[in-house]
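Both counts, for ligands and for their atoms, begin at 1 and track the order of listing.
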Amino acid sequence: MKNKLLLEELMDIYKQDIISFHTPGHKNARIYDKLFSNAIKENLINIDTTEIIGTDNLHNAIGIINDAQKRASEIFKSEESYFLVNGSTSGIYSMIMGSTSPGDRILIDRNCHQSVINALILGDLIPEYIYPDIDINRGIPLGISPDEVEKKLKEFPDAKAVIITYPTYHGIACDLKKIADIVHKYNKILLVDEAHGAHLGLSKDLPRTALESGADMVVQSIHKTLPALTQASILHIQGDRVHRDRIKFMLKVHQSSSPSYILMSSLDLAINIYEEYGQELMSELLYNIDIFKSKIKSIDGIDILDNSIIGKNNVLDIDKTKLWISLLDNRINGYDLENRLRSEYNIQMELSNIYGVLALTTIGNEKQDFEKLYTAFMDIVSKLKDTGIRDGIKFIQPIVKRGISPRAALYADKKILKVEESIDHISGQYLIPYPPGVPLLIPGEIIDRDMILYVKEMLSKGMEIMGLRDKNFEYIEVIV
Ligand SMILES: Cc1ncc(COP(=O)(O)O)c(C=O)c1O
């Protein structure tokens, strides 16, 4: 059997010159070509090294890595910043487990990434969820209410910390400053998953950063919205509520003992681009987005997430670099739209759901990308036939009841049941629509009929769900 090497397969995809509205933020390395000629690409292999004299050590940084982290801290205005080579996932594990002890309670925004839930399993924590409002016609989670945070803090005075996703995958920003004030009033720690917000400091037209809002610890995926290589992320700390030695210990636990110098260099480079060119490139990007939006709004039936949602449902602001677009009223669902954009126009979006598609734009995108996206939309709409059926269903976010903790569920004995027979049993598994990776069902939660029906219907329409035992979702794992 002679297959192509993975490298060859990926090079074939690279050569298709796909227009990228997805991560990583460097957009097929185009931003490096634009700003530095080819220097980074040519040197990547040459700088793959290990801890030898002169190269410093991420886990005990006192030399060149320490200098680079200090630069990052100055630029992002933290007190201390740590490079992450195992993605924001490793930073989320470290900040959660560094702020809690096994058995502790923690308040969690339910629109959180699976890495937050996995941290609960690792750290043996009890989650209490704060549910965001939901835009049920678009399938988009909205803001977290500061009042709801305060209510939960009163209800669970033993909670050690609060973790909020800010901004969300779709670019929704809640009133994090107000939340920070409340969390601190109750002497708790505010942890922020800002995986999608590393670029926010580049413009006053973007939501305030989590550090500016007063978060104690913040994790950012530099690779998602700034031009670093995939997995290159950062953890910022400020204030005196955080036990810094414990965080440093947790960073060692959750990251490779051979951190990649390629990733670390790409982080430093992305932060350098942020400082030197970031504001100018961001104002160009926001200009291109404005032009694109004003043109595309002329399409009859198009729906774009825009400023009109601000001020309602705890939405304080939106990150304009995220473009959520729906043509559902033009009779095409998000999955089909994403597939057509890729197969017919060579444009790849970040994600789709039944309702629409999400473009993740960064300072690596250029004017032509938006022109091509606009032309593609116009063309698709001109060819659509009205079937008279609006292929939409109402998004649900079930308020799930917990049976046992996520960690207890992981280690409990389990059996497989037919999905129809599993209602009211305790789930032994995840159900995670991907992307974005936000769990619908978490191990230890009680299985709910509405959610099962929702997942079945969404699957039939093309949603990808991680955690399924079989592709038709006939079986599910439950606790015995
Ligand atoms: C909201 C959110 N948090 C955390 C993560 C994990 O980030 P990373 O891929 O850098 O580990 C993701 C990844 O998609 C995410 O969307």
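Looking at Q231 against ligand 1, nothing comes within 4.0 Å, counting heavy atoms. Looking at T89 against ligand 1, both its backbone and its side chain come within 4.0 Å, counting heavy atoms. Contacts of S88 with ligand 1, taken as heavy-atom pairs under 4.0 Å, involve both backbone and side chain. Under 4.0 angstrom from ligand 1, the non-hydrogen atoms of I92 all belong to its side chain.
An N or O contact shorter than 3.5 Å links K224 to ligand 1 by distance. Looking at S115 next to ligand 1, no N or O pair under 3.5 Å apart turns up. At a 3.5 angstrom cut-off on N or O pairs, T165 does not count as close to ligand 1. Residue-to-ligand polar distances keep Y169 apart from ligand 1: every N/O pair is separated by 3.5 Å or more.
One finds a salt bridge joining D135 and R138 here, because a Lys/Arg side-chain nitrogen approaches an Asp/Glu carboxylate oxygen to under 4.0 Å. Ion pairing between a basic and an acidic side chain is recognised when a charged N comes within 4.0 Å of a carboxylate O; E79 and K70 show no such pairing. Salt-bridge formation is not detected for the pair K178/E150: no Lys NZ or Arg NE/NH1/NH2 atom is positioned less than 4.0 Å from an Asp or Glu carboxylate oxygen.
Every residue two or more places apart in sequence or in another chain was checked for a side-chain hydrogen bond (donor to acceptor under 3.5 Å, both in side chains) with E74, and none qualifies.
Aromatic ring centroids of F21 and F370 lie under 6.0 Å apart.
In this pair, Y93 and H254 present their aromatic rings perpendicular. The plane angle is above 60°, beyond the 30 to 60° band.
Under a 4.0 Å criterion applied to the non-hydrogen atoms of A195, ligand 1 contributes the atoms 2 (C), 3 (N), 4 (C).
A donor-acceptor pair is defined here as one N or O able to donate and one able to accept, closer than 3.5 Å; no such pair exists between the side chain of R244 and the backbone of E80.
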